[in-house]
Amino acid sequence: MKTFLSFLLTIVVVTTAAAAPSRSDNHILKDGDLGKNLPDVQHFKRIAHHHTQELKKKQLEEIMTHINVTKKKLSKQILDKWVPDDLQNSCKPEELCKAGKILATFKAKDLGLEKWEWILPRQLVAYTKGTGCSETQTETVESTLSSLLQNTHKCAQKMFSELTPTS
């Protein structure tokens, strides 16, 4: 019985101590202005912007890496295939979106790749989500698959370098 009462007393003390306001809480409550002690909205916007930039950099790194790996795995015959190339060399997200749509017309099996190896089109579409990627031009220019991959890599590289540096 003594053990049970000491256990019960311990629970009451612990839960009461956790619910009691700390010294800093008392300070906040005395001020009467809770907002004065909270970080401002701009601080949270800066944090969100920083994380967005980091995510974009990571996505672009993955796109560039996947392009390099894919080019090494594809045969010369496949790399020399003619494909539509509507990129305007402006290196905007819309251009990467167009490249993603063009590359999505290829199936992994047709390229001699496993399905899990051919994620580049999905990576490009994911990076450009919400950019309003327009349909291809009426006059389609063609280039080799190798050239399309190289131009897409250069564009991703340029966009990566334009992102704000992290500190």
Side-chain angles (χ1 to χ4, degrees), residues 14 18 22 24-25 28 34-167:
V14 170
S22 68
S24 63
D25 291 339
I28 290 172
L34 295 175
K36 189 163 84 174
N37 295 310
L38 297 175
D40 64 350
V41 173
Q42 293 302 319
H43 173 73
F44 290 113
K45 285 183 179 179
R46 284 189 299 274
I47 290 171
H49 177 74
H50 173 75
H51 288 296
T52 301
Q53 295 295 319
E54 288 301 311
L55 176 62
K56 287 182 181 220
K57 279 187 162 188
K58 183 69 176 159
Q59 286 176 310
L60 287 169
E61 283 177 346
E62 289 175 359
I63 287 169
M64 291 184 288
T65 299
H66 195 75
I67 289 172
N68 289 335
V69 169
T70 301
K71 283 178 73 173
K72 289 178 183 175
K73 288 187 174 192
L74 297 178
S75 69
K76 181 166 175 24
Q77 182 181 9
I78 290 174
L79 286 171
D80 289 342
K81 276 188 175 185
W82 288 94
V83 297
D85 186 354
D86 293 330
L87 303 185
Q88 303 297 313
N89 294 326
S90 61
C91 288
K92 294 181 181 174
E94 295 82 11
E95 300 302 312
L96 291 182
C97 181
K98 288 177 186 178
K101 286 184 174 185
I102 293 167
L103 294 171
T105 62
F106 293 96
K107 302 294 178 216
K109 186 173 79 173
D110 299 336
L111 296 173
L113 299 172
E114 296 294 326
K115 191 174 182 177
W116 61 268
E117 293 176 305
W118 185 234
I119 60 170
L120 181 59
R122 287 182 285 168
Q123 288 176 321
L124 290 166
V125 170
Y127 179 79
T128 59
K129 186 176 182 180
T131 59
C133 180
S134 61
E135 292 299 317
T136 56
Q137 300 173 353
T138 54
E139 294 180 29
T140 303
V141 178
E142 288 193 340
S143 68
T144 62
L145 179 58
S146 177
S147 177
L148 176 64
L149 289 171
Q150 184 176 352
N151 291 339
T152 304
H153 186 278
K154 284 180 184 176
C155 191
Q157 207 168 22
K158 181 179 180 190
M159 291 172 70
F160 181 86
S161 68
E162 290 173 352
L163 288 174
T164 55
T166 59
S167 49

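In terms of heavy-atom proximity, F106 sits nearest to W118 at O-NE1, 3.0 Å. Between A156 and L96 the shortest heavy-atom distance is N-CD2, 4.4 Å. When all heavy atoms of T144 and D80 are compared, the closest pair comes out as CG2-O, 3.9 Å. For H66 against Q123, the heavy-atom pair with the smallest separation is CB-OE1, 3.4 Å. Looking at every heavy atom in both residues, C97 comes nearest to T128 through CB-OG1, 3.4 Å.
Residue T65 holds its OG1 atom at 10.0 Å from CD1 of I63, rounded to the nearest 0.5 Å. Considering CG of L103 and CD1 of I67, their distance stands at 8.0 Å, rounded to 0.5 Å. Note that CD1 of I47 is 11.5 Å distant from OG1 of T52, once rounded to the nearest 0.5 Å. Y127 contributes atom OH, which lies 14.0 Å from atom NZ of K58 (distance to the nearest 0.5 angstrom). Taking OG1 from T152 and CD from E95, the interatomic distance works out to 9.5 Å, rounded to the nearest 0.5 Å. The line from OG of S161 to NZ of K57 is 9.5 Å long, rounded to the nearest 0.5 Å.
Counting heavy atoms from C-beta on, the side chains of L111 and L145 come closer than 4.5 Å. Here the side chains of L60 and L163 are in contact, with some heavy-atom distance below 4.5 Å. At a threshold of 4.5 Å between non-hydrogen side-chain atoms, the residues L149 and L74 count as touching.
Partners of K154 according to the side-chain contact (heavy atoms from CB on, under 4.5 Å) rule, which considers only residues two or more places apart in sequence or in another chain, are Q150. Qualifying side-chain contact (heavy atoms from CB on, under 4.5 Å) partners for L55, counting only residues two or more places apart in sequence or in other chains: Q59. Legend: residues meeting salt bridge (Lys or Arg N to Asp or Glu O under 4.0 Å) with K73, ordered by chain and number and at least two apart, are E117. Among residues two or more places apart in sequence or in another chain, the side-chain contact (heavy atoms from CB on, under 4.5 Å) test is passed with A104 by P121. The side-chain contact (heavy atoms from CB on, under 4.5 Å) search around S75 returns Q77, I78, not counting sequence neighbours.
Contacts classified as salt bridge (Lys or Arg N to Asp or Glu O under 4.0 Å) and involving residues 103-114 (residues at least two apart or in different chains) are not found.
Dense packing is recorded around NZ of K71, with more than 12 heavy atoms of other residues, nucleotides or ligands lying under 6.0 Å away.
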